[in-house]
Amino acid sequence: MKKITLLLFLLFTIVSFSQNSADYVFGEISYDELNLKKYDLDTTANAIFLLDIGSTEFLTKLDEIAREKQRVVSTKFYKKIKFFNSEEFENQGTIKIRLYNNTLEKDAVIDIKAVTHNNFEKTYLDEENIYEERLNDNWREVKFTMPNLKEGSIVEVEYTIESPFTFRLPSWIFQTDIPVKFSQYTASIPGNYVFNRKLNGILKLKTNSSVIKNNCFIISHFERAASCEVITYAMENIPAFKEEKEFMTSRHNFISKIKFELAEYQRINGTKVNHTTTWEAVDKNFKTDKDIGGQLKQTKLLHEIVPIEINSLPTDLEKATAIFSFIQSYFTWNEKYGVFSEINIKNALENKTGNVGEINISLINALKSAGLKAELVLISTRENGFPTKLHPVRSDFNYMLARVTINNKSYLLDATNKLTPFGLLPYKCLNGYGRVMDFENSSYWIDIIPENNSKNQISVSLKLHEDGTFHGKLRKVNFGYEALLRRTTIQNKSDEAIISEFENNFNNLDVIDYKIENKLDINQPLIETFEISIDNSTNTSGNYFNPFFAEQFKENPFIQENRLYPVDFGYTRKYILNFSLEIPESYSIESFPDEKSIALPENGGNFSLSLNKNSNTKITLNSSIKINKPVFYNSEYQLLKELFKQIISSQKTPIVLKKN
């Protein structure tokens, strides 16, 4: 009996230990895994990856159509997930496999296996429940939902992706939306391929090894087998990437992963192909490219359509502003980026519609035709991630801007959005830095510095009458990005719709009159004035009145204990409130928000609230919120979180009036 007990103990130990390494047997789970009720390192987790394993090797396979051997990159994936409850069924219970293709070749997924364990009952995935969906011209998605999911289920998934694109290795993502107990990626790379590797994120590798394996890969029509570099990267006890949707750029900037990029390839005949290019080579390539350099020569086409009277304007800044406004109104953006392909200025001009590349290159050409210095700027949008600065990676960029320099001052322009004023970029473009493609000299990096005049200013003047009704005016003035945001919200709304929306935010509020100024003049602040009446006659005992109306922060956008990536507001901002209330002698002011003054270190921002009670018949309240820099690092997170906590607490505190 003791021998049997010892044997079971050893078996249990071996199975448990295997879950902290890359070893696994598909279909086998341990008692330890079945009985796991929570993850001690994150008790809030609804599910956890027990194992996330990937292994890549280069193979030669017979192409059935061409009847010849073809090289493929084969990557086998294995995932084991434990569900503590049903909260993650939708996110982690549906498996999505993305596959790349071009016009000639495509990735393929083979050998899909999936099983759901409920105690020792197994439910296998039926092949009929595997679906494929085309996402766009270059990407497809194979997906399936795990069967018979229950609280406490463990799922296993295994599949292999075979890719004919041998110059690409998959990025290995260690960190996910749920914790990962153990994650490992291995790759056996033939010696004639050299890849750059970049570790992203702040987490450290548990394993980082590289060994040489001889005779690992046979190349067709070549006598000797190639040696391989076998690399292994692993992490354990990986925390979930907890994403706060507001005030952040792409999660891919911060999530822990290994990214590969081909640096060099050696052909069978010994010649080497260098894939890590230089900016000098990129500049030369762009200058001769038909979609970039060729289109930037089409200044004559723009000279013919830009109104001739623009050239008679007295200053270069006025000329540039007028040309920008003309291109904005002339083109309608077709919602496509078209950065490195499908750029045809002539067709875009004829159709008066175009992609980002066509519109902004047209803008550059129009500025040049007026004798102004204008250049192309490559950027990556906020959702696309930061471009690498180490060496050129063309695919890192997905957007183009125009840059005009007047009297030693430069302005970044995007004419695709009809609501952006001269010099103000769309919010999606505020992503750190860009590359100026100066074809006369050489390209160089610039910082994207947003305009700092964004402000929301509200003035409220109300009077309380004896019958308990309020009457007065509310005036909102928006500058910069705040004006752009408001114009975007109301651009297709009638005055009646704007009034109705405003009234729906309050009980018993009626808008008597509404005026809007500069709705279409995007270079001026947007001004809205509401004459309002609030009926509170049924409440004879008193009033609870919030002076911030609907303009307050209702919830703290910062909820994590610690945020491991920066807070990126995109632009500096100010929120100003000037409120005054006059009351009759039959009422008294019972209570009101406390005065506050809070400042972040190094002039990062501040919040102040001051009150002035003039006798018993009038109260004035002034509030100011200033965010003085666009980016706060994670070391500043707690102070920023506390600042917003205090702001929300004050904005939730009403003015209480009591009838005498």
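Computed from heavy atoms alone, side chains included, the values below leave out hydrogens, waters and symmetry copies. The model shown is predicted, which means the values in this text are computed figures rather than measured ones.
- A side-chain donor-acceptor contact under 3.5 Å links E466 and S586.
- A salt bridge between D177 and R251 is present, with a side-chain N of the basic residue lying under 4.0 Å from a carboxylate O of the acidic one.
- Proximity of T249 to Y565: side-chain heavy atoms (C-beta onward) are nowhere separated by under 4.5 Å.
- Formation of a donor-acceptor pair under 3.5 Å by the K641 side chain with backbone atoms of Q560 is found in this model.
- Nearest heavy-atom pair across W333 and T353 is C-OG1, 4.4 Å.
- Atom-to-atom distance recorded for K38:NZ and N46:CG is 14.0 Å, nearest 0.5 angstrom.
- The distance between the ring centers of F241 and F254 does not fall below 6.0 angstrom.
- Judged purely by atom type and a 3.5 angstrom limit, N200 uses its side chain to pair as donor or acceptor with the backbone of H252.
- The CD1 atom of I255 lies 11.5 Å from the CG atom of L564; values are rounded to the nearest 0.5 Å.
- Using a 4.5 Å heavy-atom threshold, the side chains of I625 and Q651 count as touching.
- Listed for the N578 side chain is no donor-acceptor partner under 3.5 Å among the backbone atoms of L621.
- When all heavy atoms of I202 and S256 are compared, the closest pair comes out as N-OG, 4.1 Å.
- A heavy-atom distance below 4.5 Å is not found between the side chains of N384 and I379.
- Contact of the P601 side chain with the L639 side chain is registered, since non-hydrogen atoms from C-beta on lie closer than 4.5 Å.
- With salt bridges taken as basic N to acidic carboxylate O contacts below 4.0 Å, none links E561 and K242.
- Note that NE2 of H471 is 9.0 Å distant from OG1 of T469, once rounded to the nearest 0.5 Å.
- Contact annotation: the side chain of S443 never approaches that of V436 to less than 4.5 Å [non-hydrogen atoms, C-beta and beyond].
- Using a 30° and 60° split on the angle between ring planes, F530 and Y514 fall in the tilted class, from 30° to 60°.
- The main-chain N or O of N408 is never found under 3.5 Å from a side-chain atom of T405 such that the two would form a donor-acceptor pair.
- With no hydrogens or angles considered, no side-chain donor-acceptor pair links N334 and N355 at under 3.5 Å.
- Each of F553, F644, F607 was checked for a ring-ring contact (aromatic ring centres under 6.0 Å, His included) with Y575, and the lone residue meeting it is F553.
- Without hydrogens or angle criteria, S649 side chain to K645 main chain gives no donor-acceptor distance under 3.5 Å.
- Side chain of E375 to main chain of A402: no donor-acceptor pair is present (N/O by atom type, distance under 3.5 Å, no hydrogens or angles).
- Between the side chain of Q328 and the backbone N or O of N417, at least one donor-acceptor pair lies under 3.5 Å.
- Y411 and F422 have tilted rings, their planes meeting at an angle from 30° to 60° on a 0 to 90° scale.
- Comment: K259 engages D396 in a salt bridge, judged by a side-chain N to carboxylate O separation of less than 4.0 angstrom.
- By the 4.5 Å heavy-atom criterion applied to side chains, I589 and I583 are counted as neighbours.
- Taking all atoms of both residues into account, the shortest heavy-atom contact from R573 to F247 is NH1-CE2, 3.7 Å.
- Inspection of the E318 and T321 side chains reveals no N or O donor paired with an N or O acceptor under 3.5 Å.
- Residues T529 and L474 are not in side-chain contact: their nearest non-hydrogen atoms beyond the backbone lie 4.5 Å or more apart.
- A donor-acceptor pair is defined here as one N or O able to donate and one able to accept, closer than 3.5 Å; no such pair exists between the side chain of S86 and the backbone of F89.
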field: side chain to side chain donor-acceptor pair (under 3.5 Å) assessment of S410 paired with R403
entry: CA-CA 7 Å; S410 294; R403 182 175 187 250; 3.1 Å; yes
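- In this structure, CD1 on I323 lies 12.5 Å from OG on S362, to the nearest 0.5 angstrom.
- Closest of all the heavy-atom pairs between K418 and S329 is NZ-O, 3.6 Å.
- Interatomic distance, N91 CG to E87 CD, rounded to the nearest 0.5 Å: 9.5 Å.
- A salt bridge links D568 with R382: the closest approach of a Lys/Arg side-chain nitrogen to an acidic carboxylate oxygen falls below 4.0 angstrom.
- In the model, K596 has a side-chain atom that pairs as donor or acceptor with a side-chain atom of Q646 under 3.5 Å.
- In this structure, I361 and M400 have side chains that are in contact, with non-hydrogen atoms separated by less than 4.5 Å.
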message: If you apply the rule side-chain contact (heavy atoms from CB on, under 4.5 Å), what do you find for L526 with I490, and how did you get there?
response: CA-CA 11 Å; L526 181 68; I490 66 173; 4.2 Å; yes
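- Here the straight-line distance linking atom OG1 of T381 with atom CG of N431 works out to 7.0 Å at 0.5 Å rounding.
- Residue E335 qualifies as enclosed at atom CD: its count of foreign heavy atoms under 6.0 Å is above 12.
- For Y637 and Y633, the distance between ring centers is not under 6.0 angstrom.
- Scanning both residues, P421 and F324, for their nearest heavy atoms gives C-CE2, 3.9 Å.
- Without hydrogens or angle criteria, T43 side chain to D40 main chain gives no donor-acceptor distance under 3.5 Å.
- Using modelled atom types, no side-chain atom of N407 and backbone atom of K409 make a donor-acceptor pair closer than 3.5 Å.
- At a threshold of 4.0 Å, the pair E244-R563 counts as salt-bridged, since one of the basic side-chain nitrogens sits closer than that to a carboxylate oxygen.
- Considering every non-hydrogen atom in both I534 and N507, the closest pair reads CG2-O, 4.3 Å.
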Trace of the side chain to side chain donor-acceptor pair (under 3.5 Å) decision for N562 with N634: CA-CA 8 Å; N562 294 290; N634 55 329; over 6 Å; no
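- Taking 4.0 Å as the cut-off between side-chain N and carboxylate O, K515 and E531 do not count as a salt-bridged pair.
- In this structure, the ring of Y427 has its center no less than 6.0 angstrom from the ring center of Y481.
- Ion pair R486/E528 flagged as a salt bridge, since at least one NZ, NE, NH1 or NH2 atom sits closer than 4.0 Å to an Asp/Glu carboxylate oxygen.
- A salt bridge does not link K618 to E582: none of the charged nitrogens lies less than 4.0 Å from a carboxylate oxygen.
- In summary, D438 and K373 do not engage in a salt bridge, as defined by a charged side-chain N under 4.0 Å from a carboxylate O.
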